Student: 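Structure below; questions to follow.
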Amino acid sequence: MDKELLLVNNLRNHVNTILHADVDNSKIHPEWGDNITELVKNINYSDPRRFLQWDVIRKTMFIANAPYIVTELTFLIEDNWNIWKSVTEEVRIGDPDPCIFHPKSSGTLIHHAYHLAQLENHLELNITDIDYVLEFGGGYGSMCRLFHNLGFKGQYIIFDLPVFSALQEFYLKSIGINAKYGANEDTNGVSCIFKIEALKEVLSNKKSKKKSIFIATWSISEAPIYLRSLFLSMIGNFDVFLIAYQRQFGETDNSTYFSAWKDSLKNYQWYNHEIRHLPDNYYLFGKNTHR
């Protein structure tokens with residue numbers, strides 16, 4: 001059996017183990033509960049090697065040819081295109097739609113590169129100096145892939161729901177990145193974690209000398225208040241923050257929530273501003289000024 005089929009079987013085994021486990025989904029937003037059900041069905045009965053063509057993926061975590069991608073691509077071309085051009089080249093795994101504005105890439109990769117370019121410009125830092133990443137809600141692993149395209153060699157942790165952790169391992173391993181469903185003992189590997197207890201253990205081993213970043217793009221702003229508050233209380237010592245959020249999610253006023261949270265952290269330089277081409281959506285960038 002070739003490598004791709006082994007990874008497909010491994011993904012399905014993880015998913016079916018999840019289905020038989022005692023997992024409490026009662027606190028998940030109903031819409032995400034439906035998405036998980038659809039994703040599990042696709043994994044078991046469709047070809048995961050073409051997962052980026054599945055409706056559930058396309059409506060939640062893959063950006064095809066949204067009009068705003070033109071704005072973001074233009075910024076990258078004017079910013080540092082000799083770097084962004086090479087690191088945003090797509091791979092065939094997942095069968096991604098090419099971006100009609102730049103066929104060698106995809107809307108998703110351009111979108112993620114835009115986040116990093118904005119962060120670098122506002123905080124005057126270089127992403128390549130980062131060697132420890134914690135991402136809340138990592139989609140299928142595209143941001144992690146982009147970091148590795150940029151030469152990242154450190155420890156990368158993605159915290160997500162179990163079925164997405166399984167998909168992240170599948171995708172990242174398929175493109176040659178050392179990822180593991182659960183904690184990865186390799187200090188230069190990717191850990192796809194879905195349990196708070198496992199995350200606490202991994203974070204307890206974080207070295208203070210590591211240059212760390214926390215990333216959450218439209219993810220933690222959709223989490224229940226109890227979970228986001230628990231999570232954010234664990235990461236007050238990170239060096240850099242990259243958060244993107246919508247003004248309102250359900251009954252939660254995210255602008256008020258994140259404003260209060262950032263004010264609770266001392267010794268940080270913050271930039272909180274609306275994304276002009278995405279009205280009512282915001283970036284919150286932060287940098288520890290004492291490191």
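Just so it is clear, the values below take in all heavy atoms, side chains as well, and ignore hydrogens, waters and symmetry mates. A quick note: this is a predicted structure, and the numbers were derived from the prediction, not measured. Sequence positions, counted from 1, serve as the residue numbers for this chain.
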Student: Under 6.0 Å between ring centres: does that hold for Phe258 and Tyr282?
Tutor: no
Student: Determine whether a donor-acceptor pair (N or O, by modelled atom type, separation under 3.5 Å) exists between the side chain of Lys287 and the backbone of Gln269.
Tutor: no
Student: Give a yes-or-no answer on whether the side chains of Asp186 and Asn178 include a donor-acceptor pair shorter than 3.5 Å.
Tutor: yes
Student: With hydrophobic residues grouped by side-chain heavy-atom distances under 4.5 Å, do Tyr245 and Tyr226 end up in a single group?
Tutor: yes
Student: Using the salt bridge (charged side-chain N to carboxylate O under 4.0 Å, His left out) criterion, which residues pair with Glu4? Sequence neighbours excluded.
Tutor: Arg49, Arg92
Student: According to the salt bridge (Lys or Arg N to Asp or Glu O under 4.0 Å) rule, which pairs have a member within residues 9-19, sequence neighbours left out?
Tutor: none
Student: Excluding sequence neighbours, so at least two apart, what forms ring-ring contact (aromatic ring centres under 6.0 Å, His included) with Phe152?
Tutor: Phe147, His148, Tyr156
Student: In the structure I gave you, are the side-chain heavy atoms of Asn188 and Gln155 within less than 4.5 Å of one another anywhere?
Tutor: no
Student: Using a distance-only test with no angle check, is there a side-chain donor-acceptor pair under 3.5 angstrom linking His277 and Thr71?
Tutor: no
Student: Answer yes if the side chains of Asp97 and Gln53 hold a donor-acceptor pair under 3.5 Å, and no otherwise.
Tutor: yes
Student: Do Val202 and Asn184 have side-chain heavy atoms sitting under 4.5 Å apart?
Tutor: no
Student: Could you give the distance from CD (Glu135) to CD1 (Ile215), rounded to the nearest 0.5 Å?
Tutor: 5.5 Å
Student: Report the C-alpha distance between Trp84 and Leu150 in whole Å, list the side-chain angles of each, state the deciding distance to 0.1 Å, and finish with yes or no for side chain to side chain contact (heavy atoms under 4.5 Å, CB included).
Tutor: CA-CA 9 Å; Trp84 298 121; Leu150 285 163; 4.3 Å; yes
Student: So, Ser212 versus Asp239: side-chain donor-acceptor pair below 3.5 Å or not?
Tutor: yes
Student: Checking Phe164 now: which residues fulfil ring-ring contact (aromatic ring centres under 6.0 Å, His included) with it, not counting sequence neighbours?
Tutor: Trp32
Student: Got Asp280 and Gln248 here, is their nearest side-chain heavy-atom distance under 4.5 Å?
Tutor: no
Student: Flag the pair Leu39 / Asn35 as yes when at least one side-chain heavy-atom distance between them is below 4.5 Å, and no otherwise.
Tutor: no
Student: At their closest point, which heavy atom of Leu119 faces which heavy atom of Ile127, and how far apart are they?
Tutor: CD2-CD1, 3.7 Å
Student: Show your reasoning for whether side chain to side chain contact (heavy atoms under 4.5 Å, CB included) applies to Phe249 and Ser221.
Tutor: CA-CA 7 Å; Phe249 183 74; Ser221 60; 5.8 Å; no
Student: Under a 4.5 Å cut-off applied to non-hydrogen side-chain atoms, are Ile193 and Asp160 in contact?
Tutor: no
Student: Are the side chains of Thr17 and Tyr181 in touch, meaning some heavy atoms are under 4.5 Å apart?
Tutor: no
Student: For Met143 versus His112, what's the shortest heavy-atom pair and its separation?
Tutor: N-ND1, 3.6 Å
Student: Nearest 0.5 Å, please: how far is CD1 in Ile220 from CG in Asn254?
Tutor: 10.0 Å
Student: So which heavy atom on Cys144 is nearest to which on Leu172, and how close?
Tutor: SG-CD1, 3.9 Å
Student: Check the pair Val8 / Ile43 against side chain to side chain contact (heavy atoms under 4.5 Å, CB included), numbers first and verdict last.
Tutor: CA-CA 8 Å; Val8 168; Ile43 288 172; over 6 Å; no
Student: Applying ring-ring contact (aromatic ring centres under 6.0 Å, His included), name anything that partners Trp81, two or more places apart in sequence or on another chain.
Tutor: His102
Student: Dump the intermediate steps for side chain to side chain contact (heavy atoms under 4.5 Å, CB included) on Glu222 and Gln246, then the final yes or no.
Tutor: CA-CA 9 Å; Glu222 297 181 359; Gln246 58 281 78; 3.2 Å; yes
Student: Just say parallel, tilted or perpendicular for the rings of Tyr140 and Phe62, cut-offs at 30° and 60°.
Tutor: tilted
Student: If I compare all heavy atoms of Val163 with all of Ile18, which pair ends up nearest, and what's the gap?
Tutor: N-CD1, 3.7 Å
Student: Are any side-chain N or O atoms of Asn205 and backbone N or O atoms of Glu201, one a donor and one an acceptor, separated by less than 3.5 Å?
Tutor: yes
Student: So, taking the atom named CD1 in Ile77 and the one named CG in Asn82, what distance separates them when rounded to the nearest 0.5 Å?
Tutor: 12.5 Å
Student: Taking the six-membered ring for Trp and the full ring for Phe, Tyr or His, determine whether the centres of Phe285 and Phe241 are under 6.0 Å apart.
Tutor: no
Student: Using every non-hydrogen atom in the two residues, find where Ser105 and Thr88 come nearest and quote the distance to one decimal.
Tutor: OG-O, 2.6 Å
Student: Would you call Lys59 and Glu38 a salt bridge, taking side-chain N to carboxylate O under 4.0 Å as the test?
Tutor: yes
Student: Are side-chain heavy atoms of Ile243 and Thr217 found at a separation under 4.5 Å?
Tutor: no
Student: Name the orientation class of the two ring planes belonging to His111 and Trp218 (parallel below 30°, tilted from 30 to 60°, perpendicular beyond 60°).
Tutor: parallel
Student: If hydrophobic clusters are built by linking Ile, Leu, Val, Met, Phe, Trp and Tyr wherever their side-chain heavy atoms come under 4.5 Å apart, do Ile225 and Leu232 end up in the same one?
Tutor: yes
Student: So do the side chains of Val133 and Ile157 get within less than 4.5 Å of each other, counting heavy atoms only?
Tutor: no
Student: Could you pull out all residues at least two apart from Tyr171 that satisfy side chain to side chain donor-acceptor pair (under 3.5 Å)?
Tutor: Arg145
Student: Go through the side-chain N and O atoms of Glu120 and Asn80 and say whether any donor and acceptor fall under 3.5 Å apart.
Tutor: no
Student: On the 0 to 90° scale, with breaks at 30° and 60°, tag the Phe231-Phe214 ring pair as parallel, tilted or perpendicular.
Tutor: tilted
Student: Between the side chain of Arg58 and the main-chain N/O of Ile63, is any donor-acceptor distance below 3.5 Å?
Tutor: no
Student: Under the 3.5 angstrom rule, does the side chain of Asn121 hit a backbone N or O of Ala117 as a donor-acceptor pair?
Tutor: yes
Student: Look up atom CG in Leu73 and atom SG in Cys99, then write down how far apart they are to the nearest 0.5 Å.
Tutor: 6.0 Å
Student: Does the ring centre of His122 sit less than 6.0 Å away from the ring centre of Tyr283?
Tutor: no
Student: Dump the intermediate steps for ring pair (Phe, Tyr, Trp, His ring centres under 6.0 Å) on Phe194 and Phe159, then the final yes or no.
Tutor: CA-CA 5 Å; Phe194 49 91; Phe159 182 84; 8.5 Å; no
Student: Within this structure, what is the CG-CG distance for the pair Leu116 and Leu76, rounded to the nearest 0.5 Å?
Tutor: 9.5 Å
Student: Under 6.0 Å from the ring centre and within 45 degrees of the ring axis: does the NZ or CZ of Lys206 meet both conditions for the six-membered ring of Tyr132?
Tutor: yes
Student: Testing the basics here: between Gln168 and Gly139, what is the closest heavy-atom pair and its distance to 0.1 Å?
Tutor: NE2-O, 2.9 Å
Student: How about Glu274 and Asn281: does a side-chain donor come under 3.5 Å of a side-chain acceptor?
Tutor: no
Student: Under 3.5 Å, is there a donor on one side chain and an acceptor on the other for Ser106 and Glu90?
Tutor: yes
Student: Under a 3.5 Å threshold, yes or no: a donor from one side chain and an acceptor from the other, between Asn126 and Thr128?
Tutor: yes
Student: To the nearest 0.5 Å, tell me how far Leu7 CG sits from Ile93 CD1.
Tutor: 8.5 Å
